[in-house]
**Q** 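Okay, here's the structure, questions in a sec.
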Amino acid sequence: MAVVARTGRGGGGSAFSSALRSFFSYRIFFSAMFTLLFFATASVLFSSHPAHLSDDSEIRTTGRAYMQRTFLAVKSDPLKTRLELIHKQASDHIMLVNAYASYARKLKLEISKQLKMFDDMAQNVSDLSVKPVYREALFESDGLLDEEVLRQFEKEVKDKIKVARLMIAENKESYDNQLKIQKLKDTIFAVNELLVKAKKNGAFASLIAAKSTPKSLHCLAMRLMGERIAKPEKYIDEKPKPEFEDPSLYHYAIFSDNVIAVSVVVNSTVKNAQESRKHVFHIVTDKMNLAAMKVWFKMKPVEGNAYVEVKAIEEFAFLNSSYVPVLRQLESANLQKYYFDDNDTKDEKNMKTSGDTKHLSMLSYLMFYLPEMYPKLHRILFLDDDVVVQKDLTALWKVNLDGKVNGAVEICFGSFHRYAHYLNFSHPLIKDKFNPKACAYAFGMNIFDLDAWRHQRLTDKYHYWQDLNDDQSLWKSGRQSPGLMTFYSTTKSLDKRWHILGLGYNPSISMDEINKTAVIHFNGNMKPWLDIAMNQFKDLWTKYFDKEMEFVQQCNFGL
């Protein structure tokens with residue numbers, strides 16, 4: 001029984017305790033709920049405020065009306081919530097339009113049409129909220145909102161927002177820096193593409209103009225040929241004169257198929273020579289232009305009793321494909337494949353076939369056979385057909401070459417025109433034999449010691465390198481590179497006043513420098529006998545050109 005009594009007391013105490021805990025739990029719960037509700041209400045009252053607009057664009061509302069709206073929104077009035085959303089959307093777009101207007105002002109566009117449009121749009125949107133019909137029915141009403149009025153207000157706001165968006169989209173490009181940058185990049189890219197294409201077309205047109213035979217020059221050759229056919233008795237070949245092999249005279253070598261160019265070289269040399277009768281000119285041309293060249297110098301004898309010998313390449317019997325590597329290579333399948341490869345694009349074929357094709361003529365390589373062509377001479381001055389002589393050159397035969405073969409002017413400056421520019425130094429043979437930083441020399445006015453040349457067997461050396469370059473792996477086509485290799489370490493540097501280059505491509509050469517130089521060289525595409533020649537240098541060439549010659553006048557050279 002004692003056990004029962006303890007159990008009864010214990011059970012009654014437990015029920016009382018449970019009731020007491022439940023009472024305090026409900027009290028705490030209701031206190032917490034009221035506290036949360038109070039803080040929520042206070043938070044809405046003190047933290048919520050109408051969206052402010054900048055300056056005159058602010059939608060004007062009273063504090064009392066906004067507090068009423070807020071309490072109504074808390075009570076979940078759907079129309080009030082909807083009004084709040086419309087109000088916020090309008091405010092956001094007013095701020096955006098004002099931002100663009102502000103940026104327009106910074107860009108000093110106050111007088112522009114865009115700025116006025118932005119200001120008008122911001123004002124129009126803000127004016128909607130202060131219209132009496134909307135202000136009284138929506139913003140200052142203490143009762144329920146009129147849904148029809150709210151719908152009409154929403155429609156007008158959305159229409160204004162739509163106009164604002166369209167206006168911003170149209171003018172965004174003027175204010176968005178990223179869009180500006182991208183558009184500028186696209187424009188630059190497009191212009192650069194056009195520039196590259198124009199340069200390519202210009203280079204191609206320039207090559208055609210430079211390397212094609214002008215109509216006037218072709219006309220002259222035909223007229224001279226016709227003169228030879230019409231009067232054969234007048235142009236009978238004379239026997240070689242002993243002066244042609246006299247080593248005591250001053251001998252020149254000129255290899256060309258251009259009658260006018262050769263005549264200017266000879267005329268300018270003779271007119272500036274102190275003793276013109278001691279000068280002998282050895283002119284070699286191709287078989288096609290041989291008659292024209294002979295007729296010219298027969299009709300227009302050189303002043304001062306200077307001697308002129310005109311020959312064709314074919315008259316030098318040893319110059320055949322069995323002896324001359326270049327002739328073999330010109331006839332080879334490899335070179336034909338290079339110029340007429342079916343895999344080339346149209347532009348590549350055009351650039352190859354219309355470029356400087358002088359290296360495809362044996363005339364460009366006769367320089368390497370001077371000792372054999374003129375076996376009785378000791379020294380000879382080699383001149384290109386695009387040079388003009390301005391001073392007496394006889395001193396060149398007295399220059400001490402110190403046992404070297406070639407007397408020439410250096411053309412390097414800084415890192416330009418070094419051997420690395422002309423040769424393929426990735427090839428082991430080139431890398432082992434030559435210094436890539438060695439200075440290059442000019443060709444076009446060279447005094448050659450033919451005795452030293454024969455002694456050092458330089459023609460054999462030239463053949464050695466030319467044979468190795470059958471696949472053009474050592475250098476590309478032309479005579480400059482094999483010339484530098486053949487006369488490597490056997491060239492004597494001459495004073496720069498003997499020879500100046502660049503009058504066919506460099507317009508910045510000063511006249512003071514030109515006037516001090518003995519030989520000026522029109523190397524480049526803008527030859528003085530072409531329409532594309534540089535006008536500031538053209539008179540230096542034309543003053544030695546025989547304009548009075550009847551065939552020249554008939555062919556309309558226009559020089």
Side-chain angles (χ1 to χ4, degrees), residues 211-245 251-271 276-277 279-320 327 357-358 360-366 369 373-374 383-387 527-530 541-542 544-559:
K211 307 308 175 185
S212 300
T213 302
K215 182 179 179 181
S216 55
L217 191 58
H218 178 72
C219 168
L220 178 62
M222 293 299 101
R223 295 271 184 179
L224 292 170
M225 180 72 75
E227 174 73 9
R228 173 66 178 260
I229 295 172
K231 303 174 184 177
E233 71 284 350
K234 187 177 177 179
Y235 301 102
I236 298 175
D237 292 337
E238 299 178 356
K239 293 182 179 180
K241 297 179 180 180
E243 288 80 6
F244 294 164
E245 297 180 340
H251 293 263
Y252 300 82
I254 306 171
F255 308 138
S256 173
D257 57 1
N258 188 326
V259 178
I260 288 295
V262 172
S263 70
V264 169
V265 177
V266 174
N267 288 342
S268 63
T269 304
V270 171
K271 287 184 177 180
S276 58
R277 61 183 179 82
H279 295 259
V280 182
F281 297 90
H282 301 273
I283 300 169
V284 180
T285 186
D286 54 34
K287 196 171 184 179
M288 183 182 297
N289 292 280
L290 178 62
M293 198 78 72
K294 285 186 175 182
V295 172
W296 175 277
F297 286 103
K298 190 75 172 182
M299 294 181 67
K300 302 294 295 183
V302 180
E303 297 179 7
N305 298 318
Y307 301 95
V308 176
E309 177 191 39
V310 180
K311 284 189 173 184
I313 299 175
E314 290 75 12
E315 295 182 48
F316 298 93
F318 70 93
L319 294 175
N320 53 65
L327 289 177
T357 55
K358 286 183 70 175
L360 298 178
S361 170
M362 186 58 199
L363 288 171
S364 293
Y365 301 92
L366 290 182
Y369 301 96
M373 294 172 70
Y374 308 104
L383 294 176
D384 266 343
D385 64 356
D386 55 354
V387 305
K527 302 299 185 187
W529 56 84
L530 299 175
W541 185 87
T542 54
Y544 296 107
F545 173 64
D546 191 349
K547 304 181 184 70
E548 303 302 322
M549 204 272 193
E550 58 177 307
F551 292 154
V552 169
Q553 294 178 353
Q554 292 172 8
C555 290
N556 300 318
F557 268 83
L559 296 173

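Note that these values count all heavy atoms, side chains included, but never hydrogens, waters or copies made by symmetry.
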**Q** Say you draw a straight line from CD of Gln554 to CE of Met222; how long is it, rounded to the nearest 0.5 Å?
**A**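 Rounded to the nearest 0.5 Å, the CD-CE separation comes to 14.5 Å.
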**Q** Using the ring centroid of each side chain, check whether Tyr374 and His251 are separated by less than 6.0 Å.
**A** no
**Q** Any side-chain heavy atom of Val284 within less than 4.5 Å of one from Met373?
**A** yes
**Q** Measuring from Ile254:CD1 to Thr269:OG1, what's the distance to the nearest 0.5 Å?
**A** 6.0 Å
**Q** Kindly determine whether Phe297 and Glu309 satisfy side chain to side chain contact (heavy atoms under 4.5 Å, CB included), including the steps that lead there.
**A** CA-CA 9 Å; Phe297 286 103; Glu309 177 191 39; over 6 Å; no
**Q** I'd like to know if Lys298 pairs up with Glu238 as an ion pair, taking the criterion as any Lys NZ or Arg NE/NH1/NH2 lying under 4.0 Å from an Asp or Glu carboxylate oxygen.
**A** yes
**Q** Applying side chain to side chain contact (heavy atoms under 4.5 Å, CB included), run through Arg223 and Val295 and close with a yes or a no.
**A** CA-CA 10 Å; Arg223 295 271 184 179; Val295 172; over 6 Å; no
**Q** To check you understand the geometry: which heavy-atom pair defines the closest contact between Tyr235 and Met299, and what is its length?
**A** OH-CG, 3.4 Å
**Q** Heavy-atom distance under 4.5 Å between the side chains of Val308 and Trp296, does that happen here?
**A** no
**Q** Taking atom CG as the centre, does Asn320 end up with more than 12 heavy-atom neighbours from other residues, nucleotides or ligands that are less than 6.0 angstrom away?
**A** yes
**Q** How about Leu327 and Met362: do any of their side-chain heavy atoms sit closer than 4.5 Å?
**A**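 Result yes, sub-4.5 Å side-chain heavy-atom pair found.
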**Q** Considering non-hydrogen atoms only, spot the tightest contact between Thr285 and Ser256 and give its length.
**A**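 Where Thr285 meets Ser256 most closely, the heavy atoms are OG1-O, 2.9 Å.
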**Q** For a 4.5 angstrom cut-off between non-hydrogen side-chain atoms, does His279 reach Tyr252?
**A** yes
**Q** Could you list the residues that satisfy ring-ring contact (aromatic ring centres under 6.0 Å, His included) with Tyr544, not counting sequence neighbours?
**A**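 Scan of Tyr544 (ring-ring contact (aromatic ring centres under 6.0 Å, His included), adjacent residues dropped) gives none.
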**Q** I need the minimum non-hydrogen distance between Ala221 and Ala292, along with the two atoms involved.
**A** O-CB, 4.0 Å
**Q** Carefully, step by step, assess Val552 and Ile260 under the rule side chain to side chain contact (heavy atoms under 4.5 Å, CB included).
**A** CA-CA 9 Å; Val552 169; Ile260 288 295; 4.3 Å; yes
**Q** Check Thr542 against Lys547 and note the closest heavy-atom contact, atom names and distance.
**A**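 It is O-NZ, 3.1 Å.
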**Q** CG/Leu224 to CE/Met293 distance, rounded to the nearest 0.5 angstrom?
**A**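 With rounding to 0.5 Å, CG (Leu224) is 9.5 Å from CE (Met293).
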**Q** Atom CH2 in Trp529, atom CZ in Phe545: separation rounded to 0.5 Å?
**A** 11.5 Å
**Q** Throw together a table of side-chain donor-acceptor distances under 3.5 angstrom for residues 310-319, partners on residues two or more places apart or in other chains.
**A**
| unit_1 | atom_1 | unit_2 | atom_2 | d |
| --- | --- | --- | --- | --- |
| Glu315 | OE2 | Ala312 | N | 3.0 |

**Q** Nearest 0.5 Å, what's the CD1-OG distance between Ile283 and Ser263?
**A** 9.0 Å
**Q** Which atom names give the shortest non-hydrogen contact between Cys555 and Ser216, and what distance separates them?
**A**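 Of all heavy-atom pairs spanning Cys555 and Ser216, the closest is O-CB, 3.4 Å.
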**Q** How long is the straight-line distance from CG of Asp546 back to CG of Asn267, given to the nearest 0.5 Å?
**A**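 Answer for the CG-CG pair, Asn267 versus Asp546, is 7.0 Å.
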**Q** Do the non-hydrogen side-chain atoms of Asn556 and Lys215 ever get within less than 4.5 Å of each other?
**A**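 The answer is no; the side chains never approach within 4.5 Å.
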**Q** Take a 6.0 Å sphere around CD of Glu303 and say whether it holds more than 12 heavy atoms from other residues, nucleotides or ligands.
**A**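 Count not over threshold, so no.
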**Q** What residues, two or more places apart in sequence or in another chain, satisfy salt bridge (charged side-chain N to carboxylate O under 4.0 Å, His left out) together with Lys231?
**A** Glu227
